[in-house]
Amino acid sequence: MKPVTLLSLASLAAAKNLIPTTCFDSYTSLEEYFSYLYPWGSDHNGSARMVGNSTEHDYISVESGTLTLVAKPTSGQPATSGGQEINYLSGAVHSKNTFTVEAGSGFDIEAEFQATTDKGTWPAFWLNSAATWPPEIDMAEWKGTGQLTFNVFNTSSEVMNHNTDYPSPSNFHKVKTQIRAENDADIMVKYFLDDVEVTTQYGADYVGKPLYL
């Protein structure tokens with residue numbers, strides 16, 4: 001993944017860059033803006049366990065302004081607390097700070113990705129609630145289908161979902177998301193792939209709720 005730019009439009013007049021494109025220039029810069037693993041720890045809802053820290057870079061590395069996250073097969077790992085078998089170890093990072101869409105504000109978030117679409121893989125770039133779930137905005141998910149998925153969760157069963165073709169996964173592609181408060185409670189999310197607008201989705205009761213990247 002190439003540099004992340006997270007632009008806050010807090011006043012919708014004066015934009016402020018919150019995560020600069022220099023964030024992957026070094027481990028020092030990476031750790032200024034990101035922490036390792038998920039915000040809640042190492043396990044989620046797949047068969048990969050997240051690993052990595054400030055001194056172990058087999059799964060998480062930065063070089064020449066690019067962040068690389070890899071997954072490798074493993075065995076002998078204990079199952080998750082929910083009983084999920086672990087077959088892979090993988091890298092993951094999340095933002096040190098949370099980001100909150102307030103009424104009258106919004107964010108532009110963009111990054112460039114070289115992401116596999118092989119069956120069984122699940123790279124993802126998303127915003128997830130720092131408190132109760134949802135909210136969740138999946139700005140890019142590659143779920144092993146050859147397509148790219150965009151999602152906004154309103155509840156676990158009420159999901160705005162859009163799949164689009166993802167050509168040439170060995171090349172870098174730019175993903176951009178524009179998130180705007182629609183009113184005092186709800187948001188609008190516009191998704192772009194390689195600067196082409198793909199879809200617009202809406203989230204109910206997202207305003208004022210902090211999100212991790």
Side-chain angles (χ1 to χ4, degrees), residues 1-12 14-21 23-24 30-46 50 60 67 69 91-113 115 122-143 148-162 174-193 198-213:
M1 184 172 76
K2 290 186 178 180
V4 174
T5 299
L6 194 154
L7 192 70
S8 170
L9 305 177
S11 66
L12 295 181
K16 181 181 180 182
N17 196 357
L18 300 178
I19 298 181
T21 56
C23 62
F24 302 145
L30 170 69
E31 292 165 14
E32 180 180 355
Y33 295 98
F34 293 93
S35 297
Y36 298 99
L37 311 181
Y38 296 123
W40 55 85
S42 61
D43 299 344
H44 190 27
N45 57 3
M50 302 303 113
I60 301 170
L67 169 69
L69 305 175
V93 296
H94 66 276
S95 60
K96 284 185 177 292
N97 295 325
T98 59
F99 306 98
T100 305
V101 179
E102 302 291 358
S105 75
F107 296 96
D108 286 356
I109 305 173
E110 66 178 60
E112 294 183 20
F113 298 88
W122 196 351
F125 183 59
W126 44 308
L127 289 161
N128 192 70
S129 174
T132 58
W133 185 93
E136 178 180 329
I137 302 170
D138 297 323
M139 296 177 289
E141 281 194 308
W142 300 262
K143 295 190 285 189
L148 177 61
T149 299
F150 305 123
N151 301 311
V152 170
F153 282 81
N154 287 301
T155 69
S156 59
S157 59
E158 296 179 16
V159 185
M160 296 200 72
N161 170 269
H162 184 90
K174 184 165 79 171
V175 173
K176 180 178 179 179
T177 306
Q178 292 180 336
I179 304 168
R180 300 289 185 271
E182 283 277 276
N183 48 51
D184 290 343
D186 310 321
I187 60 163
M188 175 184 69
V189 185
K190 286 186 178 292
Y191 293 91
F192 300 79
L193 177 61
V198 177
T199 188
T200 299
Q201 300 180 0
Y202 296 88
D205 198 27
Y206 273 57
V207 171
K209 295 184 176 179
L211 302 162
Y212 281 111
L213 174 66

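Position 1 is the first residue of the sequence, and the numbers go up from there. Reckoned from all heavy atoms, side chains included, excluding hydrogens, waters and symmetry mates.
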(message) Could you report the tightest heavy-atom contact between Thr98 and Pro210, atom names first, then the distance?
(response) OG1-CB, 3.7 Å

(request) Taking all non-hydrogen atoms of both residues into account, name the closest pair between Asn183 and Val207 and its distance. (result) O-CG2, 3.7 Å

(request) List the steps and the verdict of salt bridge (Lys or Arg N to Asp or Glu O under 4.0 Å) for Asp108 and Arg180. (result) CA-CA 9 Å; Asp108 286 356; Arg180 300 289 185 271; 2.8 Å; yes

(message) Using every non-hydrogen atom in the two residues, find where Tyr38 and Ala92 come nearest and quote the distance to one decimal.
(response) CE2-CB, 4.5 Å

(request) Could you tell me whether the side chains of Asn151 and Glu136 share a donor-acceptor contact shorter than 3.5 Å? (result) no

(message) Less than 4.5 Å apart, side chain to side chain, heavy atoms only: is that true for Leu211 and Pro135?
(response) yes

(message) Quick check: do Asn161 and Thr149 have side-chain heavy atoms less than 4.5 Å from each other?
(response) yes

(request) Classify the ring geometry between His162 and Phe150 as parallel (under 30°), tilted (30 to 60°) or perpendicular (over 60°). (result) parallel

(request) Assign the ring pair Trp126 / His44 to parallel, tilted or perpendicular, where the plane angle (0 to 90°) is split at 30° and 60°. (result) parallel

(request) Considering non-hydrogen atoms only, spot the tightest contact between Ala111 and Phe125 and give its length. (result) CB-CZ, 4.4 Å

(request) Work out which heavy atom in Ile187 is nearest to a heavy atom in Glu182; give both atom names and the distance. (result) C-CG, 3.8 Å

(message) Do Val93 and Ile60 have side chains that approach each other closer than 4.5 Å (heavy atoms only, starting at C-beta)?
(response) yes

(request) State, yes or no, whether a side-chain contact exists between Phe34 and Leu213 at a heavy-atom distance under 4.5 Å. (result) yes

(message) I need the minimum non-hydrogen distance between Asp205 and Asp186, along with the two atoms involved.
(response) N-OD1, 2.9 Å

(request) Check whether any side-chain heavy atom of Thr200 sits under 4.5 Å from a side-chain heavy atom of Val189, and report yes or no. (result) no

(request) Taking the side chain as every heavy atom from C-beta outward, state whether Phe107 and Leu18 have any atom pair closer than 4.5 Å. (result) yes

(request) Quick one: do Gln178 and Tyr191 satisfy side chain to side chain donor-acceptor pair (under 3.5 Å)? Show the steps, please. (result) CA-CA 7 Å; Gln178 292 180 336; Tyr191 293 91; over 6 Å; no

